[in-house]
Colleague: 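Pasting a structure below so you can have a look.
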There are 2 protein chains.
Amino acid sequence: MTTTREKILATTSQLMEAQGYSATGLNQIIEESGSPKGSLYYYFPEGKEQLTEEAIRQAGEMISEQMTAMLDAEENLAEAFGGFVDALSQRLLSSGCRLGGPLTTVALETANTSPRVNQVCQEMYRTWQEIFRARLERGGFSAERAASLAVFINAAIEGGIILSRTRHTAEPLLQVARELRLLLSTE
Amino acid sequence: MTTTREKILATTSQLMEAQGYSATGLNQIIEESGSPKGSLYYYFPEGKEQLTEEAIRQAGEMISEQMTAMLDAEENLAEAFGGFVDALSQRLLSSGCRLGGPLTTVALETANTSPRVNQVCQEMYRTWQEIFRARLERGGFSAERAASLAVFINAAIEGGIILSRTRHTAEPLLQVARELRLLLSTE
DNA sequence: GTCTATATGCAGATAGAC
DNA sequence: GTCTATCTGCATATAGAC
């Protein structure tokens, strides 16, 4: 069952992923989700920031789950990460290079303007890095190396998303996948 | 001599780097630059998109020059790239983690909404990657490996900027610098 | 829970005086 | 070249009926 509240949240994260925070209006969210217009402030009385916070958290946690599942399913370390980034670029490609990174744009836009949204973005990035770190340590890296590499991998992926979305091709992100495979198999 | 036109351009790229495209209003640009209000549409008759295009190009080319200079000045390959990223994080830090990457935010925001701005962002990223590629080839990498690594390095840097701005610390970008040093000295 | 109507403000852009 | 005034539209948010 999909409640009105859930439809609003799903539409919000999708639109914000594609357009960013400022460019996404509440009217557009209502319209696109086909939700009753009066419901938005009923479910999210604190307005756009509250709505965004919840949407970002939900989208971030969905990625976390997919990430954990994929990294655990593959025994080989390099292939585990390579495969995960391949999956991301698949998602990017099948959306016409519009979707890619539910946090990326919003995190940048709100870093210095909305403490509330910034907080949840920090939290999500930390969660992802922790998942990476744990998998790297399990794959044989020392605690220290794993922690540093986790941040680096996170950065490479986010940057790959920027380049792919700007160039309207999955190629940059696929190159990131290839380089990560090399990096993790040689070390 | 700083003309009115130049002041408007400089203020635009600075504000957009910190706040993004949508969040930066023309009124704010006028106000902050201390420019005569009537001048904006005199110098940039095609409006916000034209202004942004020129501001992004100017800022991107400034980075290109600094990049070329720094990469050429250091003989050791790993240190050349490491030092350049260190310099970026220095810039980020001294702006209170607000500035960092004149393209990053704007490139994401306008990727699917303004062909004109998107075009110049693509152009600038290509230019940077070409500079990286040439330096990597000069440092001993094959043509093919250099091209692929150049994109990867570009991605890691842009992603490091996202993480640093989100977390309000230079640390992530500094970690990128460290990992790049490792990557380029072992291969 | 959902509706309509609306308050309020700022956005980008334009016109015309000087 | 610069200024002021203004058009038009959409943004977030709120009030109150049903």
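Each chain gets a letter, A, B and so on, in the order its sequence line appears, and its residues count up from 1. As the structure is a computational prediction, the values presented were derived from the model and not from experiment.
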Colleague: Check whether A:Arg165 reaches the backbone of A:Ala18 with its side chain - one donor and one acceptor, N or O, closer than 3.5 Å.
Modeller: yes
Colleague: Between the side chains of A:Asp86 and A:Gln90, does any donor sit under 3.5 Å from an acceptor?
Modeller: no
Colleague: C:dG12 C1' sits how many Å from B:Leu51 CG, rounded?
Modeller: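 Going from B:Leu51 (CG) to C:dG12 (C1'), I get 12 Å.
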Colleague: Scan B:Ser35 against the nucleic acid and name what it touches under 4.0 Å (heavy atoms): base, sugar-phosphate only, or nothing.
Modeller: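 The answer is nothing, as B:Ser35 stays clear of every strand by at least 4.0 Å.
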Colleague: Closest approach to the side chain of A:Pro36, judged atom by atom: which nucleotide of C:dT4, C:dT2, C:dA13 is it?
Modeller: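 Among C:dT4, C:dT2, C:dA13, the one nearest the side chain of A:Pro36 is C:dT2.
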Colleague: Between A:Gln19 and A:Thr24, is any side-chain donor less than 3.5 angstrom from a side-chain acceptor?
Modeller: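 Looking only at side-chain atoms, A:Thr24 and A:Gln19 do form a donor-acceptor pair, the distance falling under 3.5 Å.
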Colleague: Categorize A:Thr24 for me: base, sugar-phosphate, or nothing, with a 4.0 angstrom heavy-atom threshold over every strand shown.
Modeller: sugar-phosphate
Colleague: Counting only side-chain N and O atoms of B:Tyr43, is one of them less than 4.0 Å from OP1 or OP2 of D:dT2?
Modeller: yes
Colleague: Among the candidates D:dT2, C:dA13, D:dA13, find the nucleotide nearest to the side-chain atoms of B:Thr4.
Modeller: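 Of the candidates, D:dT2 comes closest.
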Colleague: For A:Tyr42 and C:dG1, is the shortest distance between a side-chain N/O and OP1 or OP2 below 4.0 Å?
Modeller: yes
Colleague: Counting just side-chain N and O atoms, does B:Ser39 come under 4.0 Å of either OP1 or OP2 of D:dT2?
Modeller: yes
Colleague: From the options D:dA13, C:dG1, C:dG12, select the nucleotide whose nearest atom is closest to the side chain of B:Lys48.
Modeller: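 That would be C:dG12.
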Colleague: To the nearest Å, give me how far apart CG (B:Asn27) and P (D:dA5) are.
Modeller: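 The distance from CG of B:Asn27 to P of D:dA5 comes to 15 Å, rounded to the nearest Å.
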Colleague: So which nucleotide from C:dT14, C:dT2, D:dT14 ends up closest to the side chain of B:Tyr41?
Modeller: C:dT14
Colleague: Rounded off to whole Å, could you give me the CD1-to-P distance for the A:Ile30 and D:dT12 pair?
Modeller: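 A:Ile30 atom CD1 is separated from D:dT12 atom P by 11 Å.
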